[in-house]
Novice: 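First the structure, which I've put down as structure tokens, then a few questions once you've had a look.
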Amino acid sequence: MTPVATPFFFYFLSILAVVSAIVTITRRNPVHSALALIFTLLALAGLYLMLYAPFVAAVQIVLYAGGIMVLFLFVIMLVNIEKAELEERFNKQWLVATLAAASLGGLLLFVLRRGHGIFPATFQNFPEGENTQKIGLQLYQNYLMPFEIASLLLLVAIVGAVVMAKKRV
Amino acid sequence: MGEITTLHYLVVAAALFIIGVIGVLTRRNVVIILMSIELILNAVNLNLVAFSRLYNLQGQIFSIFIMADAAAEAAVGLGILIAFFRNKETVNMDEVDLLKW
């Protein structure tokens with residue numbers, strides 16, 4: 001399937017992602033930040049679809065917008081947000097930190113501008129109908145060991161989260 | 001509005017990365033710092049998927065591993081946050097100084 005109106009959707013989704021990301025880090029109420037972050041994640045899922053990665057886009061929606069954001073919202077409800085809303089949002093070094101991050105961004109843009117000639121200008125042609133099968137085969141053949149290690153990591157994370165969040169007995 | 005190249009995606013990913021870094025460095029609420037870390041991980045994922053369009057599927061597989069990592073990190077980080085909130089009754093980053101003396 002050939003994509004239609006690619007530049008329009010690219011600019012729409014990327015502007016949505018960047019604006020929601022800025023909203024995420026500037027709101028006083030953490031619930032508003034979480035909602036804005038969901039918009040960023042959904043816009044990124046759309047960008048993955050435009051890059052012919054439908055499996056990654058689906059995993060992005062299920063895992064991030066469905067799983068991690070529910071975790072965030074639960075924790076926001078468990079901690080006291082009324083007190084946090086009255087406090088100052090940014091810490092004392094915010095100006096220095098923003099300048100440092102902006103100079104890092106300038107460096108990144110400079111590197112991209114100077115170095116974008118070294119990667120190929122043409123895209124590989126992947127049929128998107130075979131994307132999921134290919135990822136599955138790769139995961140169970142070439143990447144079997146990292147896959148198992150990832151399951152072990154998730155088990156350790158579950159046990160660690162439960163131990164840390166439970167009441168002292 | 002011309003052709004969309006890989007460079008466009010890389011610029012968007014760089015912008016998201018910088019916004020996440022600014023959030024981590026400047027906010028005082030720990031919950032929002034964890035959300036900024038998620039933004040940084042997402043920017044890296046966008047980079048990997050954009051490059052995987054040029055070469056082969058390895059970038060997409062790597063981004064799936066990074067998503068599993070992000071889930072583990074969010075669970076452990078929020079667990080630490082709840083334990084800290086039980087101790088100090090605050091979510092302010094400046095008051096996280098139990099290991100400092």
Side-chain angles (χ1 to χ4, degrees), chain A residues 6-7 10-11 14 17-18 21-22 24-25 30 33-34 37 40-41 44 47-48 51-53 55-56 59 63 67-68 71-72 75-76 78-79 84 87-91 94 97-98 101 104-105 108-109 112 116 119-120 123-124 134-135 138-139 143 146 150 153-154 157-158 160-161 164-165, chain B residues 1-2 4-12 14-16 18-23 25-29 31-32 34-36 38-39 42 46 49-57 60-61 63-65 67-72 74-76 78-83 85 89-94:
Chain A
T6 314
F10 173 79
Y11 286 112
S14 44
V18 170
I22 291 171
T24 302
I25 66 162
S33 293
L37 184 57
T40 304
L41 299 175
L44 279 173
L47 286 177
Y48 295 155
L51 285 165
Y52 292 88
F55 183 71
V56 180
V59 171
L63 199 77
I68 294 180
L71 205 63
F72 269 107
V75 171
I76 290 169
L78 285 177
V79 300
E87 291 173 346
E88 193 65 32
R89 268 176 294 178
F90 300 104
N91 55 21
W94 68 271
T98 309
L104 177 64
L108 278 180
L109 285 181
L112 288 178
H116 77 276
F119 44 82
F123 292 131
Q124 300 260 347
K134 278 189 180 152
I135 287 181
Q138 288 268 317
L139 272 181
Y143 293 90
L153 172 82
L154 287 173
I158 292 167
M164 233 124 31
Chain B
M1 291 213 239
I4 302 299
T5 59
T6 307
L7 190 64
H8 291 73
Y9 290 100
L10 298 187
V11 169
V12 174
L16 287 176
I18 296 303
I19 292 168
V21 170
I22 291 175
L25 289 178
T26 62
R27 286 301 299 243
R28 298 175 82 209
N29 192 333
V31 181
I32 294 177
L34 285 171
M35 288 186 203
S36 306
E38 300 295 328
L39 273 179
N42 269 292
L46 183 58
V49 176
F51 276 123
S52 112
R53 181 88 196 279
L54 292 181
Y55 298 103
N56 46 30
L57 278 179
Q60 297 184 24
I61 288 163
S63 77
I64 289 167
F65 281 124
M67 282 180 193
D69 239 25
V76 174
L78 293 169
I80 291 174
L81 173 62
I82 289 177
F85 184 75
E89 294 290 319
T90 179
V91 287
N92 192 339
M93 197 67 192
D94 298 339

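Order of the sequence lines fixes the chain letters, A, B, ..., with proteins taken first and strands second; residue numbering starts at 1 for each chain.
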Novice: Taking all atoms of both residues into account, what is the closest heavy-atom pair of B/A15 and A/V18, and its distance?
Specialist: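 B/A15 and A/V18 have their closest heavy atoms at CB-CG2, 4.3 Å.
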
Novice: Minimum heavy-atom separation for A/L108 and B/A14, please, with both atom names.
Specialist: CD1-CB, 4.0 Å

Novice: Could you tell me which portion of B/L46 (side chain, backbone, both or neither) has an atom closer than 4.5 angstrom to a non-hydrogen atom of chain A?
Specialist: both

Novice: By a 4.5 Å heavy-atom criterion (distance strictly below it), what part of A/L71 contacts chain B: side chain, backbone, both, or neither?
Specialist: both

Novice: Does the plane of the ring in A/F10 sit parallel, tilted or perpendicular to the ring in B/H8? Use 30° and 60° as the thresholds.
Specialist: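 The rings of A/F10 and B/H8 stand perpendicular, inter-plane angle above 60°.
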
Novice: Which answer fits B/L25, side chain, backbone, both or neither, if we ask what part of it has an atom under 4.5 Å from a heavy atom of chain A?
Specialist: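 B/L25 touches chain A through backbone and side-chain heavy atoms alike.
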
Novice: In sequence, state the C-alpha distance, the side-chain angles, and the governing distance for A/M164 and B/I82, and then conclude on side-chain contact (heavy atoms from CB on, under 4.5 Å).
Specialist: CA-CA 8 Å; A/M164 233 124 31; B/I82 289 177; over 6 Å; no

Novice: Side chain, backbone, both or neither: which part of B/I64 has a non-hydrogen atom closer than 4.5 Å to chain A?
Specialist: side chain

Novice: Check whether B/I19 gets within reach of chain A through its side chain, its backbone, both or neither, counting any heavy atom under 4.5 Å.
Specialist: both

Novice: What part of B/Y9 lies closer than 4.5 angstrom to a heavy atom of chain A: side chain, backbone, both or neither?
Specialist: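 Contact with chain A involves both backbone and side-chain atoms of B/Y9.
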
Novice: Against chain B, label A/A21 side chain, backbone, both or neither, depending on which of its atoms sit under 4.5 Å from a heavy atom there.
Specialist: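 Interface part for A/A21: both.
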
Novice: Which atoms form the tightest heavy-atom contact between B/A75 and A/A161, and what is the distance?
Specialist: O-CB, 3.6 Å

Novice: May I ask you to establish whether B/R27 and A/F90 are in a cation-pi arrangement, using a distance under 6.0 Å from NZ or CZ to the six-membered ring centre and at most 45° from the ring axis?
Specialist: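 B/R27 over A/F90 ring: yes.
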
Novice: Where does B/N42 contact chain A at under 4.5 Å (heavy atoms): side chain, backbone, both or neither?
Specialist: both

Novice: Please report the closest heavy-atom contact between B/I32 and A/I25, naming both atoms and the distance.
Specialist: CG2-CA, 4.4 Å

Novice: Go through the atoms of A/V75 and report whether side chain, backbone, both or neither lie under 4.5 Å from a heavy atom of chain B.
Specialist: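 Only the side chain of A/V75 comes within 4.5 Å of chain B.
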
Novice: Grab the two heavy atoms, one from A/V56 and one from B/Q60, that are nearest each other, plus how far apart they are.
Specialist: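 Between these two residues, the closest heavy atoms are CG2-CB, 3.8 Å.
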
